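What you see is a predicted model, and the numbers here were worked out from it, not measured in a lab.
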Amino acid sequence: MKDDRLLLGIDIGTSSSKGVLVGLDGQALAEHTTPHGFDIPQPGWAEQDADAVWWRDFCTISRALIDTAAIDPARIAGVATSAIAPTMLPLDSSYNPLRPSILYGIDTRAGQEIDDLTAELGEDEIFARAGQSLSAQSVGPKVLWYRRHQPELFERTRKIVTASTYLVYRLTGRFVVDNYVAPYFAPFFDVHQLAWRRDWVERICPIEWLPETLWSGEQAGAITAQAADETGIPLGTPVAAGTADALAEAIAAGATNTGDLMVMYGTTLFLIQTTAAYRPHRDLWASVGIVPGSAILAAGLSTSGALLTWFRDELAHAERQRAEEEGVNAFALLSKIASRIDAGSDGLITLPYFSGERTPINDVHAKGMIFGLSLSHSRAHLYRSLLESIGYGLRHNIEAMSEIEARPQRLVAIGGGVQDPLWLQICSDVAGLPQDIPRQTIGAAYGDAYLAGMAAGIFDDFAPLHDAWVRIDRRILPNSGRKAIYDELYSIYRDLYRDNRRNMRRLSRFT
């Protein structure tokens with residue numbers, strides 16, 4: 001008799017949330033997506049409401065999935081959630097949010113705190129213990145910013161959590177964070193001891209404010225009565241510790257073997273490579289993997305899809321209007337006109353640092369730049385140049401990985417951007433590497449469903465993931481004829497940041 005149990009995975013992303021009900025054989029029974037936004041109260045800030053976005057979306061999606069699939073909820077054997085990370089959310093004594101969450105590396109407000117903590121603790125010592133240098137991606141400097149700039153709220157704080165921690169708390173009543181996300185609380189977490197470093201934490205806040213740590217697929221608890229009432233998930237259903245959306249994406253893509261690099265084309269570009277051993281790099285993010293003994297090397301651009309959305313909203317009014325009238329996608333229209341432009345955009349180069357930059361330059365003061373403009377350039381040139389800039393950023397990170405003998409062996413592309421063949425082709429051409437595209441495009445929620453199976457004791461390892469869940473649909477091969485063009489322009493791309501870095505910092509006081 002077929003086992004009809006189901007696994008529920010829900011991912012809370014930057015711009016939308018998605019959920020899926022999956023059978024134990026990897027077949028998706030129902031999917032549901034809910035769009036949302038995030039707030040930019042002032043330049044360099046990025047925030048999101050934990051209850052109005054994260055928890056509302058989770059409850060909406062869980063109930064919609066159960067209704068759409070018309071199933072008996074008792075069939076749900078396990079639940080897992082992933083979310084944008086790392087975020088900084090303070091909670092009061094009743095564990096209610098005190099302010100909107102401060103988002104990951106796209107929020108660059110804590111530049112001064114990064115400098116101050118690095119000077120106080122020592123760059124070498126931070127790297128030795130935390131496995132990464134402090135950057136806009138780090139939670140520690142954002143907690144220090146919060147203490148300095150909102151002291152009245154800080155005094156009322158009793159917990160500091162990230163998004164997945166808050167969701168698991170609402171589901172189970174327990175505060176946990178997985179070992180993959182915890183290192184992004186730098187400099188608080190010791191990656192060698194897999195524990196919070198009390199002496200560094202308590203320079204800023206009580207260590208009791210931080211959640212306990214678990215492995216991503218470990219059971220954190222079970223659905224409480226209140227959570228069952230709000231989500232429709234049965235009381236007592238096992239809940240995984242969960243993880244960041246990017247790691248869940250890597251699981252969904254099947255990028256769990258050594259040398260696999262997941263490239264997530266979303267609002268930002270995020271990279272996760274499974275490595276044979278822990279390999280820290282000062283300009284990247286080394287972390288713990290999904291299960292004991294595994295290691296991760298991660299990287300990320302601050303903008304990718306967000307950059308394309310900016311162009312669509314600000315400079316592509318004709319395509320937006322046509323998309324509305326004809327019921328087509330404005331990005332597809334932009335990609336079509338950009339495909340008519342030759343590789344290299346006729347000498348136009350963009351630095352995609354429109355919200356500072358994460359790896360490998362880790363510079364909150366970095367600025368966007370469109371270089372080489374002439375009267376012969378069109379909007380099509382501009383859009384293609386943006387796509388190429390993301391390819392340059394991808395290549396820059398892969399080169400940094402290669403510096404520590406961690407050059408990826410296989411690229412697996414996932415996320416909303418895989419719907420754009422031109423974007424994928426450009427990135428393969430610039431990086432000089434092929435990309436595998438999985439057949440299923442559900443994304444992080446699909447990886448969450450697999451983690452739910454681990455928490456429920458159904459899966460012990462990733463064998464079923466590779467045997468039945470993940471199938472490769474197609475492969476993008478680099479065009480060798482464009483290599484010389486992109487090699488030369490990439491060299492100029494690297495020089496542009498180096499030569500303009502000082503003036504970028506000077507400009508920061510005007511933004």
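- Side-chain N or O atoms of Asp107 include one that pairs as donor or acceptor with a backbone N or O of Ala46 at under 3.5 Å.
- Between Phe189 and Tyr184, the gap from one ring centroid to the other reaches at least 6.0 Å.
- The salt bridge (Lys or Arg N to Asp or Glu O under 4.0 Å) check on Arg156 picks up nothing, with sequence neighbours excluded.
- At least one donor-acceptor pair under 3.5 Å links the side chain of Thr60 to the backbone N or O of Arg56.
- Nearest heavy atom pair, residue Ala186 against residue Ser138, reads O-CB, 3.6 Å.
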Self-check item: Full working for ring pair (Phe, Tyr, Trp, His ring centres under 6.0 Å) between Tyr180 and Trp285
Solution: CA-CA 11 Å; Tyr180 168 75; Trp285 305 314; 9.7 Å; no

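- Residue Thr81 holds its OG1 atom at 4.5 Å from CG of Leu167, rounded to the nearest 0.5 Å.
- Note on ring orientation: taking the six-membered ring where Trp is involved, the planes of Tyr95 and Tyr169 are perpendicular (angle over 60°, cut-offs 30° and 60°).
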Practice problem: Carefully, step by step, assess Phe154 and Trp209 under the rule ring pair (Phe, Tyr, Trp, His ring centres under 6.0 Å). | Solution: CA-CA 11 Å; Phe154 187 85; Trp209 288 9; 5.1 Å; yes

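- The backbone N or O of Ser302 sits less than 3.5 Å from a side-chain atom of Glu357, completing a donor-acceptor pair.
- More than 12 heavy atoms of other residues, nucleotides or ligands sit less than 6.0 Å from atom CD of Glu202.
- Judged purely by distance below 3.5 Å, without hydrogens or angles, the side chains of Tyr104 and Thr14 pair a donor atom with an acceptor atom.
- The two residues Gly19 and Ala445 come nearest to each other via the heavy atoms CA-CB, 4.0 Å.
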Quiz item: Going through the distances and angles, do Val20 and Leu65 end up as a side-chain contact (heavy atoms from CB on, under 4.5 Å)?
Solution: CA-CA 7 Å; Val20 62; Leu65 289 171; 5.5 Å; no

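- Taking CD1 of Ile296 as the start and CD1 of Ile272 as the end, the distance is 5.5 Å to the nearest 0.5 Å.
- We find the CD-CD distance between Glu326 and Gln321 to be 10.0 Å, quoted to the nearest 0.5 Å.
- Remark: side-chain polar atoms of Tyr450 are not paired, donor with acceptor, to backbone N or O of Gly217 under 3.5 angstrom.
- Between Phe185 and Trp196, the gap from one ring centroid to the other is short of 6.0 Å.
- Taking each heavy atom of Ala163 and Thr87 in turn, the nearest pair found is N-OG1, 2.9 Å.
- Taken to the nearest 0.5 Å, the OG1 atom of Thr34 stands 9.0 Å off from the NE2 atom of His36.
- Judged by a 6.0 Å distance limit and a 45° cone about the ring axis, Arg197 is positioned over the six-membered ring of Trp200.
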Practice problem: Please report the C-alpha distance between Thr256 and Ile290 in whole Å, then the side-chain angles of each, then the deciding distance to 0.1 Å, and finally whether the side-chain contact (heavy atoms from CB on, under 4.5 Å) criterion is met. | Solution: CA-CA 9 Å; Thr256 61; Ile290 307 164; 4.3 Å; yes

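- When atom types are taken as modelled, the side chain of Thr224 and the backbone of Thr172 share no donor-acceptor pair closer than 3.5 angstrom.
- Within the 3.5 Å criterion, the main-chain N or O of Arg75 finds no donor-acceptor partner in the side chain of Asp72.
- Judged by distance alone, with hydrogens and angles left aside, the side-chain atoms of Thr359 form a donor-acceptor pair with the main-chain N or O of Gly300 at under 3.5 Å.
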Quiz item: Is there a side-chain contact (heavy atoms from CB on, under 4.5 Å) between Ile102 and Gln48 once you walk through the steps?
Solution: CA-CA 7 Å; Ile102 298 176; Gln48 209 164 51; over 6 Å; no

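- Using a 4.0 Å cut-off between a side-chain N of Lys or Arg and a carboxylate O of Asp or Glu, Arg148 and Glu113 qualify as a salt bridge.
- By the salt bridge (Lys or Arg N to Asp or Glu O under 4.0 Å) test, Asp190 pairs with Arg129, sequence neighbours left out.
- For the atom pair CZ (Phe188) and CD1 (Ile207), the distance works out to 9.5 Å, reported to the nearest 0.5 Å.
- With sequence neighbours excluded, the residues satisfying side-chain contact (heavy atoms from CB on, under 4.5 Å) with Pro360 are Asp283, Leu284, His396, Asn397, Ala400.
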Self-check item: Check against salt bridge (Lys or Arg N to Asp or Glu O under 4.0 Å), Lys18 and Asp11
Solution: CA-CA 5 Å; Lys18 189 167 188 177; Asp11 172 67; over 6 Å; no

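- For the residue pair Tyr265 / Gln435, a side-chain donor-acceptor distance below 3.5 Å is found, with atom types taken as modelled.
- Between Ser15 and Thr267, the side chains place a donor N or O and an acceptor N or O closer than 3.5 Å (distance only, hydrogens not considered).
- Counting all heavy atoms, side chain and backbone alike, Gly266 lies closest to Trp423 at O-CH2, 4.5 Å.
- Taking each heavy atom of Pro352 and Ser389 in turn, the nearest pair found is CB-OG, 3.5 Å.
- Nearest heavy atoms, Ile437 versus Ala413: CD1-CB, 3.6 Å.
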Exercise. Could you give me the CA-CA distance, side-chain angles and deciding distance for Trp310 and Phe354, then say whether ring pair (Phe, Tyr, Trp, His ring centres under 6.0 Å) is met?
Key: CA-CA 10 Å; Trp310 167 82; Phe354 282 45; 5.1 Å; yes

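- Ile233 has its side chain within reach of Val79: a pair of non-hydrogen atoms, C-beta onward, lies under 4.5 Å apart.
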Exercise. Test Leu261 against Leu271 for side-chain contact (heavy atoms from CB on, under 4.5 Å), laying out the working first.
Key: CA-CA 7 Å; Leu261 177 67; Leu271 313 175; 3.9 Å; yes

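- With hydrogens and angles ignored, the 3.5 Å screen pairs a side-chain donor or acceptor of Lys142 with a backbone N or O of Leu103.
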Exercise. Dump the intermediate steps for ring pair (Phe, Tyr, Trp, His ring centres under 6.0 Å) on Tyr166 and Trp55, then the final yes or no.
Key: CA-CA 9 Å; Tyr166 186 67; Trp55 183 240; 7.6 Å; no

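- For Arg158, there are no salt bridge (Lys or Arg N to Asp or Glu O under 4.0 Å) partners, not counting sequence neighbours.
- Not one N or O on the side chain of Ser335 forms a donor-acceptor pair closer than 3.5 Å with the backbone of Phe331.
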Compile the donor-acceptor pairs under 3.5 Å between side chains in residues 243-252 and protein atoms, sequence neighbours left out, one pair per line.
unit_1 : atom_1 : unit_2 : atom_2 : d
Thr243 : OG1    : Asp178 : OD2    : 2.7

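- Side-chain N or O atoms of Lys367 include none that pairs as donor or acceptor with a backbone N or O of Ser355 at under 3.5 Å.
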Self-check item: Intermediate values then yes/no, side chain to side chain donor-acceptor pair (under 3.5 Å), Thr350 and Ser385
Solution: CA-CA 6 Å; Thr350 295; Ser385 178; 2.7 Å; yes

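- A salt bridge links Arg99 with Glu47; the closest basic N to acidic carboxylate O contact falls under 4.0 Å.
- No donor-acceptor contact under 3.5 angstrom links the side chains of Tyr353 and Thr303, judged on distance only.
- No more than 12 heavy atoms of other residues, nucleotides or ligands lie within 6.0 Å of CD in Glu152, so this atom counts as exposed by the packing criterion.
- To the nearest 0.5 Å, the span separating CD1 on Ile61 from OG1 on Thr231 amounts to 12.0 Å.
- Sequence neighbours left out, the pairs with a member in residues 230-244 that pass salt bridge (charged side-chain N to carboxylate O under 4.0 Å, His left out) are Arg170-Glu230.
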